[in-house]
Amino acid sequence: MTDNTENTPDNTRIETQSIHAGQSPDSETGAIMTPIYASSTFVQDRPGEDRGYEYSRTGNPTRTALENNIAALEDGDYGRAFSSGMAAISTVLNLFESGAHVVAGEDVYGGTHRLFKEVYDQFDMEFSFVETTDLSAVRDAMRSNTELLWVESPTNPLLRINDIESLANIAHEHDALCAVDNTFATPYLQRPLNHGADIVSHSLTKYIGGHSDLVAGALITDDEELDESFGFYQNSVGSTPSPFECFLALRGTKTLPVRMDRHSQNGLQLAEWLDDHPAVSQVYYPGLSTHPQHELAKEQMDAFGGMLSFELDASLKETSDVVSNTEVFTLAESLGGVESLIEQPATMTHASIPRAQRIEAGLSDGLIRVSVGIEHIDDLTNDLDRAISSGVEGSQKD
Ligand code: PLP
């Protein structure tokens with residue numbers, strides 16, 4: 001349905017596409033921003049003769065602009081927007097019949113795990129969760145009825161990097177599809193379709209929206225048939241975003257490159273600063289040369305983004321004091337906005353995992369995850385330094 005090259009010369013770069021792809025000034029008024037087409041229905045000249053749109057669940061011009069824009073950024077041929085990241089993910093699962101088997105990363109987003117195990121499990125679909133940085137474990141998990149390999153990269157909250165090209169090859173050797181949730185990296189830092197993935201999924205709620213003011217999702221593919229199926233479910237299930245959400249997401253994509261540059265710059269500087277802090281025992285950030293998959297991250301990504309986690313040599317209570325005592329970092333779940341957020345996985349995003357299992361998965365009581373915003377780096381390090389010193393005894397930085 002979408003043509004991502006519309007209104008953009010073929011040879012433009014992502015910084016230009018993020019502003020122009022899929023959009024052109026309104027032909028009637030010259031409005032430079034794509035209007036919010038808040039209309040449920042569209043006039044037909046004669047029965048069946050519409051002007052490209054008939055009913056907003058099926059198609060809406062503000063949504064089309066967003067779909068074309070996000071497809072262009074992912075270097076994909078087709079894009080579809082959804083009411084949330086979860087709605088996008090469930091649309092992929094709708095492709096398969098009962099009896100299908102899915103292999104997924106063991107550290108996929110908790111909501112994805114819940115959707116797979118508590119919703120689609122009921123329809124007799126089978127799921128295997130494996131450590132997807134271990135390619136032999138992935139190979140071993142594939143079965144004759146495996147239809148989908150689902151991964152994220154970087155992963156949450158330990159920022160592991162999955163080798164998309166090798167994983168896509170394994171999926172294809174088994175006639176399965178490879179889908180990558182590209183929410184953490186965004187197309188500015190990583191374009192999974194170019195590494196062999198069949199489907200890219202997004203929570204537009206995060207970096208693409210970028211301002212913590214919308215909930216939406218997207219699916220991008222080069223495969224026309226897959227895109228038609230996504231469109232069929234989008235329309236049949238009604239999992240579409242409102243024109244207002246599409247407008248906000250489109251406004252977000254215009255500044256995605258400059259925001260991601262700053263997120264990545266702050267992320268790297270904060271990771272290096274934390275690495276040097278006496279109270280910090282471990283920093284998880286793919287941009288550090290000590291990260292186990294740093295070389296792969298350099299090949300697969302253009303920079304390393306704004307998500308990082310670190311471990312304090314501290315108890316659950318001390319760590320909870322640290323995250324409660326910041327003033328510039330806001331204590332909150334979610335990620336990807338311009339403002340820096342901080343959270344304690346053990347008591348917040350990953351609290352539903354029993355402690356023993358959580359510790360075994362590497363999520364200690366002292367683990368802190370941050371979504372590094374675009375504030376001044378000195379304000380961020382000063383804030384964390386003060387919060388760590390007040391929360392953890394004997395932790396003063398020289
Ligand atoms: N994928 C990832 C990696 C996420 O972090 C999230 C939400 O946190 C989602 C998908 C779900 O997106 P949404 O909240 O827009 O439904």
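All values reported here derive from a predicted model rather than from experimental measurement. Counting starts at 1 for both ligands and their atoms, in listed order.
Within a 6.0 Å radius of CD in Glu333, more than 12 heavy atoms belonging to other residues, nucleotides or ligands are found.
Looking at atom 10 (C) of ligand 1, its nearest protein heavy atom turns out to be Asp181 OD2, 3.5 Å. Of the protein's non-hydrogen atoms, Thr205 OG1, 2.6 Å is the one closest to atom 15 (O) of ligand 1. Among protein heavy atoms, the minimum distance from atom 5 (O) of ligand 1 is reached at Tyr109 CD1, 3.8 Å.
A distance-only check finds no donor-acceptor pair linking the side chain of Ser56 to the backbone of Thr41 [under 3.5 Å]. When atom types are taken as modelled, the side chain of Thr155 and the backbone of Glu152 share no donor-acceptor pair closer than 3.5 angstrom. When atom types are taken as modelled, the side chain of Ser18 and the backbone of Leu256 share no donor-acceptor pair closer than 3.5 angstrom. No donor-acceptor pair under 3.5 Å is formed between the side chain of Ser239 and the backbone N or O of Phe82.
Where the criterion is an N or O separation shorter than 3.5 Å, residue side chain and backbone included, Ser203 meets it with respect to ligand 1. Inclusion of Glu152 in the set of residues having an N or O under 3.5 Å from an N or O of ligand 1 is not warranted. Polar contact with ligand 1: absent for Phe184 (N/O pair, distance under 3.5 Å). Close N/O approach between Met86 and ligand 1 is found [any backbone or side-chain N/O within under 3.5 Å].
In this structure, the ring of Tyr284 has its center no less than 6.0 angstrom from the ring center of His291. Checked against a 6.0 Å centroid threshold, the rings of Phe304 and His294 count as neighbours.
The closest approach between Lys206 and ligand 1 falls below 4.0 Å for a heavy atom of the residue. The closest approach between any non-hydrogen atom of Ala88 and ligand 1 is not below 4.0 Å. The closest approach between Asn156 and ligand 1 stays at or above 4.0 Å for every heavy atom of the residue.
Contact check for Thr58 versus Thr240: no side-chain heavy atoms found under the 4.5 Å cut-off.
Interface atoms of ligand 1 facing Gly85, defined by a heavy-atom separation under 4.0 Å, are 12 (O), 13 (P), 15 (O), 16 (O). Close approach of ligand 1 to Ala216 (heavy-atom distance below 4.0 Å) involves ligand atoms 15 (O).
Ring geometry for Phe127 against Phe129 counts as parallel: the plane angle stays under 30°, on a 0 to 90° scale with 60° as the upper cut.
Using a 4.0 Å cut-off between heavy atoms, Ser334 makes no contact with ligand 1 at all.
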